[in-house]
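To keep things clear, I will list the structure first and then write my remarks on it.
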Number of protein chains: 4
Amino acid sequence: MADASGAPRRRDAAATRQALLEAARRRFTRLGYDGTTLREVAADAGVNLALIKRYFDSKEGLFKAAIASTPRALGGPAGVPGDRARLADALSRQLSADAWPEFGEHPVLMLLRVSGDEQVDALRRAALQDFTRQILDGSGTGPEKDPERLLRAELLVALGVGVAVIRSAVGLQPLRDATPDALRGPLRDVIDALLGPESEPVEG
Amino acid sequence: MADASGAPRRRDAAATRQALLEAARRRFTRLGYDGTTLREVAADAGVNLALIKRYFDSKEGLFKAAIASTPRALGGPAGVPGDRARLADALSRQLSADAWPEFGEHPVLMLLRVSGDEQVDALRRAALQDFTRQILDGSGTGPEKDPERLLRAELLVALGVGVAVIRSAVGLQPLRDATPDALRGPLRDVIDALLGPESEPVEG
Amino acid sequence: MADASGAPRRRDAAATRQALLEAARRRFTRLGYDGTTLREVAADAGVNLALIKRYFDSKEGLFKAAIASTPRALGGPAGVPGDRARLADALSRQLSADAWPEFGEHPVLMLLRVSGDEQVDALRRAALQDFTRQILDGSGTGPEKDPERLLRAELLVALGVGVAVIRSAVGLQPLRDATPDALRGPLRDVIDALLGPESEPVEG
Amino acid sequence: MADASGAPRRRDAAATRQALLEAARRRFTRLGYDGTTLREVAADAGVNLALIKRYFDSKEGLFKAAIASTPRALGGPAGVPGDRARLADALSRQLSADAWPEFGEHPVLMLLRVSGDEQVDALRRAALQDFTRQILDGSGTGPEKDPERLLRAELLVALGVGVAVIRSAVGLQPLRDATPDALRGPLRDVIDALLGPESEPVEG
DNA sequence: AATGAATGAGCTTTCATTCAT
DNA sequence: GATGAATGAAAGCTCATTCAT
């Protein structure tokens, strides 16, 4: 569907692997694990089906690689630095309608469902815990580890997941086409509500 | 798994149909569309596989019926009446760990994914719009239909969806086992943040 | 290859199962486990491939059923009764060229190779031990259980297995086309050599 | 598994070919034709898979070479010389439990099954006829070529084949672990029974 | 109304083989 | 001479669906 770009890309293992990985990521993100067939992934990548076994061993291996190669940073180059405004900004961009054009959908969707394999579950949990930690780090308050604070950060993660899921599954308007600008205000309000007033502007 | 209650329930169309529907709802909710097999649904219901065709025509027909039969009320018997505290209360109960024991998971999960069929999409959209409307109705402010207010309500719906999805997919703690009491505070904060301060207690 | 007899034999579970079993037995006997494909077995039986799953669950299930349904009696209706001449007679008939026309080969061939599955191994071992016991029973001597006597009986079983294998694999002449009459003399000599002179003609 | 001896054995065609051949012989003997995969053979030999094509052209080519390179001598360095005792001795050693440690199983097992290819069949037949001839030569009687005598020699070959097959396939005890000493007596009896009393010790 | 036999299509996986380098 | 990338065909298995009682 995508990369079958005429020239058969012969004899380039790295490129072939990469093409398969990207095709898989797109399909897994949009269609889920069961909805994705290896034949179609191979066709998208423009290579032979059996190469999936060669490079990823099995469908599960391909899925794990796809999950592992998914972007995890919430915000800028080095994650989200420490203040509330930047967190709101990062989230509103991440959750806007036209983010992730190369996936077709928000990549977090790949983290959901399938279940069963313990290793996959661990990967998914780790990814989401990563998001939670980034939110806490970016919330501009000390690392006081009280459980309610953790719960509140997880609720913010849940909000993000829910936005991605709803957009992908049913496309409610106006959420479906919301721009970063439209989301920034409401998200900032939610962040403040969940994480409390920003701790003193430490830096003057 | 459930209703194979010995006596073969011969010749009771309505009961048979109902048994199939409930079995299907449970499986679709927990395992998704692809993960649910008609044989198992029929076995759960204790009836013959071919009756699914008779009553629902096809797997998709069964799925549609399951979606259509899913509870839509956010709160009490007639939805959520008009004040902020009750909305927070209803949501915290709905999203707590042990709600919906008869489904195994939060029923909203059935509304997600599969896609493709236009009719199914319409059903799902309608269900989620229903939630949005109930939230707006329950938010204690006038029905001023500005789009941002709608977006903010949808974000609250997204939060709920996200909680259900995360709990089902990966089970982050402490969110996974959160009780209604643990959720009430944070949710109240989010509600207030998204829907603004409650309009003056109209009734004096 | 065999039973695709025009009329599709619709709606007769027992007959369908039987047809599959016979087709499987023929193929397993001639071609071994790996050499037998379920598609061909189904084609031979003139039924759909998926029915193998229905009736035997898997290839291994089919194989087990085929082994279990294989004849085990060395001789007459009730095994080999007690004297040397009848044992020689039974063996020479069993190992002659044109025995087992309905299998294509000697059914003992199905008992060989594949390995791996413990349950299958047990079935095979039991079948061959059955033969050994029948030989000892038919040897006209007391049941003195000394190990060498057991070893000698097993060598006789080995001779039978070897004849079947050689005939099937390479077809050495004159062994390949040997008639019961041609085999009786040599086999009688071997039996006597292995099991010792017949114990006193009891009914002297 | 065997020859991956560190240094990549570069540029030594004969050694590479030999390593492949030995690895193939081991696998074919233990696992049969279908159970042997070329990738594993190549891995055992520590060489690249494609070299099998270079040296043996195909899986069948490799199999033919493996068959052709299998030991055919029944007894000592120059086959079995002429007397009955030595034949029994040679056979009992050949058929004992721990003969052929370098194959894992008795090499005659490679001669069985697969079928189909005429050339392979000819090789196998020739090998078994070789055994038959050695037996007749070693039986201490004149080369009177009557067919029954041939049949009797073939039955002895069949006994050997059967022992190897049973040991490999199911492992009946006590045959499975029989030592040369345990086999010598019974085999001597069978030899005498099949080939008749030794003709006068011609050589004084 | 209800049952269970039968089917066709499609999936993942496995291999021998071929092709560039 | 040797390597590793790439391919095509076929296998076992699963499932929604249809057909005959």
Side-chain angles (χ1 to χ4, degrees), chain A residues 8-17 34-42 45-62, chain B residues 8-14 16-17 34-42 47-55 57-62, chain C residues 8-17 34-42 45-62, chain D residues 8-14 16-17 34-42 47-55 57-62:
Chain A
R9 187 185 25 248
R10 293 215 153 173
R11 315 286 132 171
D12 184 345
T16 297
R17 207 193 113 100
D34 289 320
T36 296
T37 78
L38 298 188
R39 270 185 172 78
E40 289 169 330
V41 170
V47 305
N48 186 278
L49 166 63
L51 293 182
I52 292 178
K53 186 203 162 84
R54 188 193 235 292
Y55 292 118
F56 303 97
D57 197 61
S58 68
K59 186 178 190 178
E60 256 199 38
L62 180 60
Chain B
R9 188 185 26 249
R10 291 226 152 173
R11 319 281 140 162
D12 183 345
T16 296
R17 208 194 111 99
D34 289 320
T36 297
T37 76
L38 296 188
R39 268 193 169 72
E40 289 169 330
V41 169
V47 307
N48 185 276
L49 167 63
L51 293 183
I52 292 179
K53 186 200 161 81
R54 174 176 290 283
Y55 291 124
D57 193 59
S58 68
K59 189 179 189 178
E60 260 202 32
L62 179 61
Chain C
R9 186 186 29 248
R10 294 217 152 173
R11 315 286 133 176
D12 183 345
T16 296
R17 208 194 112 101
D34 289 319
T36 296
T37 78
L38 298 188
R39 275 183 168 78
E40 289 169 330
V41 169
V47 306
N48 185 277
L49 166 63
L51 292 183
I52 293 178
K53 185 204 164 86
R54 187 193 236 293
Y55 292 118
F56 303 97
D57 196 61
S58 68
K59 187 179 189 179
E60 257 200 38
L62 180 60
Chain D
R9 189 188 22 252
R10 291 226 151 171
R11 319 282 139 161
D12 184 345
T16 297
R17 207 193 113 100
D34 289 319
T36 296
T37 76
L38 296 189
R39 268 193 168 72
E40 290 169 328
V41 169
V47 307
N48 185 276
L49 167 62
L51 294 183
I52 292 178
K53 185 201 161 81
R54 175 177 289 284
Y55 291 123
D57 193 60
S58 69
K59 188 179 190 179
E60 259 202 33
L62 179 61

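Because only heavy atoms are used, hydrogens play no part in the values below, and waters and symmetry mates are left out as well, while side chains stay in. Order of the sequence lines fixes the chain letters, A, B, ..., with proteins taken first and strands second; residue numbering starts at 1 for each chain.
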Among all residues two or more places apart in sequence or in another chain, which pass the side-chain contact (heavy atoms from CB on, under 4.5 Å) test with [X]?
| X | value |
| --- | --- |
| C:Arg39 | C:Thr37, C:Leu49 |
| C:Lys53 | none |
| C:Asp57 | none |

In Å, rounded to the nearest 0.5 Å, how long is the span from [atom1] of [X] to [atom2] of [Y]?
| X | Y | atom1 | atom2 | answer |
| --- | --- | --- | --- | --- |
| B:Lys59 | B:Asp34 | NZ | CG | 6.0 Å |
| A:Asn48 | A:Thr16 | CG | OG1 | 10.5 Å |
| D:Ile52 | D:Leu38 | CD1 | CG | 4.5 Å |

So, is [X] near the phosphate of [N], with a side-chain N or O under 4.0 Å from OP1 or OP2?
| X | N | value |
| --- | --- | --- |
| B:Thr16 | E:dA1 | no |
| A:Lys53 | E:dT14 | yes |
| C:Arg54 | E:dG4 | no |

*For A:Ser58, side chain to side chain donor-acceptor pair (under 3.5 Å) partners two or more places apart*: none
Whole-Å distance between [N] [atom2] and [X] [atom1]?
| X | N | atom1 | atom2 | result |
| --- | --- | --- | --- | --- |
| B:Tyr55 | E:dA2 | OH | C1' | 8 Å |
| B:Asp57 | F:dT17 | CG | P | 8 Å |
| D:Ile52 | F:dG4 | CD1 | P | 14 Å |
| A:Asp12 | E:dT21 | CG | P | 11 Å |

_Proximity to the side chain of C:Ser58 - top-ranked nucleotide from E:dA5, F:dC13, E:dA6_ =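 That would be F:dC13.
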*Among F:dT7, E:dA6, F:dT18, which is the nearest nucleotide to the side chain of A:Leu51?*
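Nucleotide nearest to A:Leu51's side chain: F:dT7.
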*Stems involving DNA chain F, each a run of at least 3 consecutive Watson-Crick or G-U pairs under 3.5 Å*: E:2-21 with F:2-21
_Minimum heavy-atom distance C:Tyr55-C:Arg17, with the two atoms named_ =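 Smallest interatomic distance, heavy atoms only, reads O-NH1, 3.6 Å.
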At a cut-off of 3.5 Å, list every protein nitrogen or oxygen paired with a nitrogen or oxygen from nucleotides 8-11 of chain F, distance to 0.1 Å.
from: F:dG8; atom 1: N7; to: A:Asn48; atom 2: ND2; distance (Å): 3.2

